[in-house]
Amino acid sequence: MNNELLNYLKLSTKQDWLKYYDDDWARNKNINPPEYLSKRLLKLTQIKLAQISAAIVQPPRAKNIFLVEQQPINFIAGFFASVIAEVNLFLCDPGWQRQEWQQVLGLVKPDLILGEKTTIDLIHQLESASGQPAPIVQQGLSSPSLIMIPTGGTSGKLKFAVHSWQTLAASVEGFKSFFACEQINSCCTLPLYHVSGLMQLMRSFLTQGNLTICSYKLITALPFTLDQSAYFISLIPTQLKFLLAESPKWLGET
């Protein structure tokens with residue numbers, strides 16, 4: 001059990017560092033984003049940690065968790081709970097269909113799936129039909145648990161990049177050093193199961209910065225109260241093209 005991370009998460013509730021602008025907010029702009037979301041995150045993380053503890057038996061072998069959460073707050077809670085529980089965590093795209101799941105099940109068998117029931121039922125159905133899959137070979141990392149981040153690679157075949165909490169934390173330190181900043185505020189428009197979205201969470205969380213999550217299509221519609229010059233944003237080419245066309249002034253201030 002990673003008690004150090006759990007205690008750090010508890011301390012993070014002293015500030016409201018996490019905001020999420022969902023589609024309901026976009027349709028009703030008079031609704032304020034949830035306050036004290038960091039406290040809600042802690043409660044959800046504790047619930048998912050209890051779920052993992054109840055479902056997962058102790059070693060001899062490491063246990064594999066599939067994280068397939070659509071809502072960012074549920075994803076983050078599942079992510080932290082899995083790292084605290086020191087299991088092997090596979091980040092998964094909620095939009096995957098039968099073909100993608102068949103590829104995944106050819107690599108690893110899940111001991112627990114965190115996600116919506118329809119997705120869980122589909123995975124179990126395919127799992128029963130596929131038989132025993134090949135295990136993931138753990139190499140090169142001494143971490144008690146691993147974090148697998150999906151990537152299509154250049155071939156289009158689904159693969160997982162193998163990381164640990166330590167390697168991701170080291171990347172945060174490198175980011176801090178390069179940009180010469182101690183506290184990192186992030187405006188995240190990317191999926192958290194992608195490395196580019198996940199690292200924005202890691203940077204803000206580990207440096208006690210602020211994290212604002214929203215769709216990039218909502219950026220020009222949101223009356224942000226944040227100081228764009230104090231925030232980092234990561235964009236893929238299509239998002240950059242959208243902002244350059246629709247709101248270049250906002251992007252210039254970011």
Side-chain angles (χ1 to χ4, degrees), residues 1-2 5-6 9 41 44-139 141 143-153 156-168 190-199 201-202 213:
M1 181 77 71
N2 189 336
L5 175 57
L6 180 58
L9 182 61
L41 173 62
L44 282 173
T45 300
Q46 291 171 325
I47 291 172
K48 290 185 181 294
L49 181 58
Q51 182 181 355
I52 293 172
S53 299
I56 301 300
V57 183
Q58 290 296 103
R61 72 172 180 85
K63 304 302 179 179
N64 303 314
I65 302 290
F66 284 8
L67 181 57
V68 205
E69 294 284 5
Q70 182 74 43
Q71 293 298 319
I73 185 70
N74 291 334
F75 176 94
I76 297 172
F79 176 74
F80 285 150
S82 298
V83 176
I84 292 169
E86 296 186 331
V87 297
N88 288 334
L89 176 61
F90 290 78
L91 307 186
C92 303
D93 183 347
W96 283 344
Q97 301 299 316
R98 297 178 69 92
Q99 180 179 356
E100 289 83 7
W101 285 120
Q102 285 171 340
Q103 291 186 50
V104 174
L105 292 172
L107 298 172
V108 63
K109 175 182 176 63
D111 294 289
L112 180 66
I113 305 167
L114 299 177
E116 297 182 2
K117 185 178 184 301
T118 53
T119 301
I120 294 174
D121 289 344
L122 172 61
I123 295 172
H124 284 324
Q125 177 188 358
L126 294 173
E127 185 182 5
S128 299
S130 65
Q132 287 291 335
I136 288 287
V137 178
Q138 300 181 14
Q139 295 179 335
L141 293 173
S143 171
S145 59
L146 300 176
I147 300 169
M148 318 295 185
I149 304 176
T151 172
K157 185 177 180 180
L158 197 150
K159 302 176 183 177
F160 286 95
V162 182
H163 286 277
S164 70
W165 183 265
Q166 290 73 24
T167 62
L168 298 180
L190 300 173
L192 293 169
Y193 55 82
H194 284 170
V195 66
S196 50
L198 181 67
M199 287 312 303
L201 165 65
M202 293 288 295
I213 300 175

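Computation of the quantities below employed the complete heavy-atom set of this structure, encompassing side-chain atoms and omitting hydrogens, waters and symmetry-equivalent molecules.
Of all the heavy atoms in Ile52 and Ala85, the pair that sits closest is CG2-CB, 3.9 Å. For Thr151 against Ala161, the heavy-atom pair with the smallest separation is CG2-N, 4.2 Å. For Pro110 against Leu105, the heavy-atom pair with the smallest separation is CD-CD2, 3.9 Å.
The side chain to side chain contact (heavy atoms under 4.5 Å, CB included) check on Ser53 picks up Leu49, with sequence neighbours excluded. Residues forming a salt bridge (Lys or Arg N to Asp or Glu O under 4.0 Å) with Asp93 (at least two apart in sequence, or on another chain): none. Contacts of Glu100 classified as side chain to side chain contact (heavy atoms under 4.5 Å, CB included), with partners at least two apart in sequence or in another chain: Trp96, Gln97, Leu158. Annotation: side chain to side chain contact (heavy atoms under 4.5 Å, CB included) contacts of Ile120 (sequence neighbours excluded): Ile113, His124. Partners of Phe75 according to the ring pair (Phe, Tyr, Trp, His ring centres under 6.0 Å) rule, which considers only residues two or more places apart in sequence or in another chain, do not exist here.
With rounding to the nearest 0.5 Å, the separation of CD in Gln70 from OH in Tyr193 is 7.5 Å. Put simply, CG on Leu198 and CD1 on Ile149 are 5.0 Å apart, with the number rounded to the nearest 0.5 Å. Atom CD of Glu86 is separated from atom CG of Leu5 by 9.5 Å, given to the nearest 0.5 angstrom. The distance from the CD atom of Gln71 to the CD1 atom of Ile73 is 9.5 Å, given to the nearest 0.5 Å. The line from CG of Asp111 to CG of Asn88 is 9.0 Å long, rounded to the nearest 0.5 Å. From Ser145, atom OG reaches atom CG of Asn64 across 11.0 Å, with rounding to the nearest 0.5 Å.
Within the 4.5 Å cutoff, the side chain of Phe90 has no heavy atoms near those of the Leu107 side chain. With a 4.5 Å cut-off on side-chain heavy atoms, Gln125 and Leu122 count as touching. Using a 4.5 Å heavy-atom threshold, the side chains of Glu127 and Trp101 count as separate. The side-chain heavy atoms of Ile76 and Leu44, taken from C-beta on, include no pair separated by under 4.5 Å.
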Check step by step if side-chain contact (heavy atoms from CB on, under 4.5 Å) holds for Ser82 and Leu114.
CA-CA 10 Å; Ser82 298; Leu114 299 177; 4.2 Å; yes
Does Ile84 form a side-chain contact (heavy atoms from CB on, under 4.5 Å) with Met1? I'd like the steps, not just the answer.
CA-CA 6 Å; Ile84 292 169; Met1 181 77 71; 3.4 Å; yes
Starting from the C-alpha separation in whole Å, work towards a yes-or-no answer on side-chain contact (heavy atoms from CB on, under 4.5 Å) for Met148 and Val162.
CA-CA 5 Å; Met148 318 295 185; Val162 182; 3.9 Å; yes
Apply the test side-chain contact (heavy atoms from CB on, under 4.5 Å) to residues Phe79 and Leu67: give CA-CA distance (whole Å), side-chain angles for both, the deciding distance (0.1 Å), then the verdict.
CA-CA 7 Å; Phe79 176 74; Leu67 181 57; 4.0 Å; yes
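Residue pairs meeting the salt bridge (Lys or Arg N to Asp or Glu O under 4.0 Å) criterion with at least one partner in residues 64-79, sequence neighbours excluded, are Lys48-Glu69.
Evaluated for a side chain to side chain contact (heavy atoms under 4.5 Å, CB included) with Phe160, the options Val104, Leu146, Ile147 yield exactly one hit, Val104. When each of Leu89, Leu112, Val87 is tested with Lys63 by the rule side chain to side chain contact (heavy atoms under 4.5 Å, CB included), just one qualifies, namely Val87.
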